[in-house]
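Take a look at the structure below.
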Amino acid sequence: MACCVSGSVFASTAENYSGVHPYIGSESSQSSGSVITPQEVVKPTAEWNVALKGQYNFAGRSNYQTLYTNYYFTGKYSYYVGVTNNSYNNLRVRVLSLTSSTVYRDFTVAPGAYVTYPVTGTSPTGSQIYLEFTGSSQDFEGYIY
């Protein structure tokens, strides 16, 4: 099944829509993000310094694949993550360390719900965090700042 995204995480087929880059997230704090294709459903390798670049927006769809932001986040002692679940199934979101086994936050977003959570215990220079999304028939959007 082809999936579409207006601004971020994406998996199923490599079908892109106009204005969408084949990775996840926003290239500016004011715009919507991009997509991730099935071939790139991997942990992030690029840095997004939230203190310098601002809020990172994401959104995506997948039938079953675990999705990740394609950036890891740095620059702050604490963050806020907001997620809207547009699907009919629960969405699990985890905020993880890229360099250790630390799980900074683990939460489930009910169908049709919006949640926001603080993420604490990070260091502006020593912590590299990223988001992981799991569930069936995922359809979500959100941000980290």
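The aromatic ring centroids of Phe73 and Tyr71 lie 6.0 Å or more from each other.
Between Tyr145 and Lys76 there is a side-chain heavy-atom pair separated by less than 4.5 Å. Contact of the Asp106 side chain with the Arg92 side chain is registered, since non-hydrogen atoms from C-beta on lie closer than 4.5 Å. Side-chain atoms of Thr122 and Tyr79, non-hydrogen and from C-beta on, do get closer than 4.5 Å to each other. Proximity of Phe58 to Val83: side-chain heavy atoms (C-beta onward) are separated by under 4.5 Å at one or more points. Two residues are said to be in side-chain contact when any heavy atoms from C-beta on lie closer than 4.5 Å; Val95 and Val81 meet this criterion.
To the nearest 0.5 Å, the span separating CZ on Phe140 from OG1 on Thr84 amounts to 11.0 Å. To the nearest 0.5 Å, atoms CG (Leu96) and OG1 (Thr102) are separated by 9.0 Å.
Across all their heavy atoms, Tyr104 and Thr120 have their closest contact at CD2-O, 3.5 Å. The two atoms that bring Pro44 and Thr69 nearest to each other are CB-O, 3.3 Å, heavy atoms only. For Gln138 against Leu67, the heavy-atom pair with the smallest separation is OE1-CD1, 3.8 Å.
Qualifying ring pair (Phe, Tyr, Trp, His ring centres under 6.0 Å) partners for Phe107, counting only residues two or more places apart in sequence or in other chains: Tyr117. Partners of Tyr114 under the ring pair (Phe, Tyr, Trp, His ring centres under 6.0 Å) rule, at least two apart in sequence or in another chain, do not exist in this structure.
Side-chain contact annotation: Asn89 with Ser87, donor-acceptor N/O pair under 3.5 Å absent. Side-chain contact annotation: Gln65 with Asn63, donor-acceptor N/O pair under 3.5 Å absent.
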- Show the numbers, then the answer: is there a side chain to side chain donor-acceptor pair (under 3.5 Å) between Thr74 and Glu47? CA-CA 7 Å; Thr74 61; Glu47 178 182 8; 2.5 Å; yes
Distance-only check: which donor-acceptor pairs under 3.5 Å involve side-chain atoms of residues 126-137, not counting sequence neighbours?
residue: Ser127; atom: OG; partner: Ser123; partner atom: N; Å: 2.8
residue: Glu132; atom: OE1; partner: Arg94; partner atom: NE; Å: 2.8
residue: Glu132; atom: OE1; partner: Arg94; partner atom: NH2; Å: 3.2

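Formation of a donor-acceptor pair under 3.5 Å by the Trp48 side chain with backbone atoms of Asn70 is not found in this model.
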